Number of protein chains: 2
Amino acid sequence: MSEPEPELETMDKRVQRSKQTVLAATYKLLSEGGIGGVSVDGVSRLSGVSKTTIYRHWPSRTALLLDACSKLGTGPTIPDTGSLKGDVTMLAKHLAHELQSARWPAVLPSIIDAAERDPDLAQLHAGLHAGLMAPFLEVAERARKRGELAPGQKASEIVAAIVAPFFYRRWFSREPIDEEFVKSAVRDIVGRSKYK
Amino acid sequence: MSEPEPELETMDKRVQRSKQTVLAATYKLLSEGGIGGVSVDGVSRLSGVSKTTIYRHWPSRTALLLDACSKLGTGPTIPDTGSLKGDVTMLAKHLAHELQSARWPAVLPSIIDAAERDPDLAQLHAGLHAGLMAPFLEVAERARKRGELAPGQKASEIVAAIVAPFFYRRWFSREPIDEEFVKSAVRDIVGRSKYK
DNA sequence: ACAGCACGACACAGTATCGTATCATAAGCA
DNA sequence: TGCTTATGATACGATACTGTGTCGTGCTGT
């Protein structure tokens, strides 16, 4: 918002290459060691781009970190099966798969930790979280318009109810997220939305 | 387990005092800055105990850290109101209060982050988690014996179902955990246990 | 072809960290 | 009281990190 953002097109090829290389390396270190595992020296070593150049493009380590983190949670395509159950099933399966294979789940705890103290990171976390939840929210909203949700029920509550058990499993109880679990989670949600 | 643990009674008064002082300082730094916020130098400065002495009692920073962390989750007294709803209500209120005021919720993310990579910390996390869940598990088990749970329902599932939304709120959506939320969470659980 | 600009290779200052070592002091224990 | 033992002050070496400064080289856009 405050950055002029000088249009990738008009950028010097060398700058493009450098920035991209550096971001890739940062992302790798990030996913391997969390926020604490990222140092400018480390990024320089891994990427082969000299530290001097890195500091030419990012004013500080924090800036680089925020830049890399912001490209973390690219959501899936939003399904549209026509029913809440169908949509949620697809999203839940996708989430289950990502939680166990993608790289961002390994990074998120360190962001949450940092957000506990640093306002900038808290904001970043809010953005990431919103991005992750967006598909679920969209699906819930549609169900609402279809009349599949009880009157008093907020869409965000549905979203929390479906996602919370997944997160709990991934980071707190650390149990595997198998097909059985996904099924029962979806069942709970759908059951809850219909009655009462 | 593997440590001889030389009986607090027989310890030199000076040792007792040092260890306690150091642990207190460590705990404070831990709750303020997470695991990353604890350095031996920092503990020394804050506690007034010299670094030399700290290294006399703990072989490494990690050892000190594990020692301090292990005293983190001292659970509440387990209620016994005679019904699942009563018990869960009490525990949920207690949890809600702790999540917003106690110090361990600020530390847990850093432990989870570390557990993502360090096996020792993963074990520590497992222990803490077990300690936190124990009261809920006990209460659920009792409900089971009373016949308040459906046959196929595992106690641990009930526990996960009640706790997950609290954790989600505290660390992911970062919404306040008010009385309304606690009520509806309890309602969900009790409803789920009775039918089907 | 040529000028400008980005680049890499240093080197540097300042800070913070983990552990270790030495030695004098003071507290506790018998 | 006197002996043992924990402690504090201090310095040290090794490492890692942030961020800046300098300078020569070579890629890029015109």
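Note that the structure is a prediction, hence the values are computed from the model and not measured. The figures here come from the full heavy-atom set of this structure, side chains too, leaving out hydrogens, waters and symmetry mates. Chain identifiers are assigned alphabetically (A, B, ...) following the order of the sequence lines, protein sequences preceding nucleic acid strands; residue numbering begins at 1 within each chain.
Ring planes of B:F172 and A:H125: tilted class, angle from 30 to 60°.
Between A:S50 and C:dC7 there is no side-chain N or O to OP1 or OP2 distance below 4.0 Å. Here A:H57 reaches the OP1 or OP2 of C:dC7: one of its side-chain N or O atoms lies under 4.0 Å away. Dashed line: the shortest gap from a side-chain N or O of A:T52 to OP1 or OP2 of C:dG8 is not under 4.0 Å. Between D:dT4 and B:R14, no contact under 4.0 Å exists linking OP1 or OP2 to a side-chain N or O. Distances shown here put every side-chain N or O of A:R56 at or beyond 4.0 Å from the OP1 or OP2 atom of D:dG19.
At whole-Å resolution of the value, CH2 in B:W58 and P in C:dC18 are 14 Å apart. The nearest whole Å value for the distance from the CD atom in A:Q16 to the C1' atom in C:dC5 is 15 Å. Rounded to whole angstrom, the span from the CG atom of B:L65 across to the P atom of C:dT17 amounts to 14 Å. Here D:dG19 presents its C1' atom at 14 Å from CG of A:L64, a figure rounded to the nearest Å.
Nearest to the side chain of B:Y55, among C:dT20, C:dG28, D:dT18, sits C:dT20. With D:dG29, C:dA27, C:dG8 as the choices, the nucleotide that has an atom nearest any side-chain atom of A:K13 turns out to be D:dG29. You'll find that the side chain of B:D12 is closest to D:dA6, out of C:dC7, D:dA6, D:dG8.
The closest side-chain donor-acceptor pair between A:T53 and A:R56 falls under 3.5 angstrom.
Here the options are A:L121, A:D113, A:L29, A:D118, the test is side-chain contact (heavy atoms from CB on, under 4.5 Å), and the partner is A:I35; only A:L121 passes.
Within 3.5 Å, no donor on the side chain of B:K51 pairs with an acceptor on the base of D:dG8, nor the reverse.
Comparing A:V38 and B:S18 against DNA chain D, the residue whose closest nucleotide sits nearer the 5' end is B:S18. The 5' end of DNA chain C is approached more closely, in terms of each residue's nearest nucleotide, by A:V49 than by the other of B:S39 and A:V49.
Nucleic acid contact for A:G48: sugar-phosphate only, since backbone atoms but no base atoms lie under 4.0 Å from a heavy atom of the residue.
Looking at heavy atoms from C-beta onward, B:C69 lies out of side-chain contact with B:Y27 at the 4.5 angstrom threshold. Considering only heavy atoms from C-beta on, B:F136 comes within 4.5 Å of B:L95 through its side chain.
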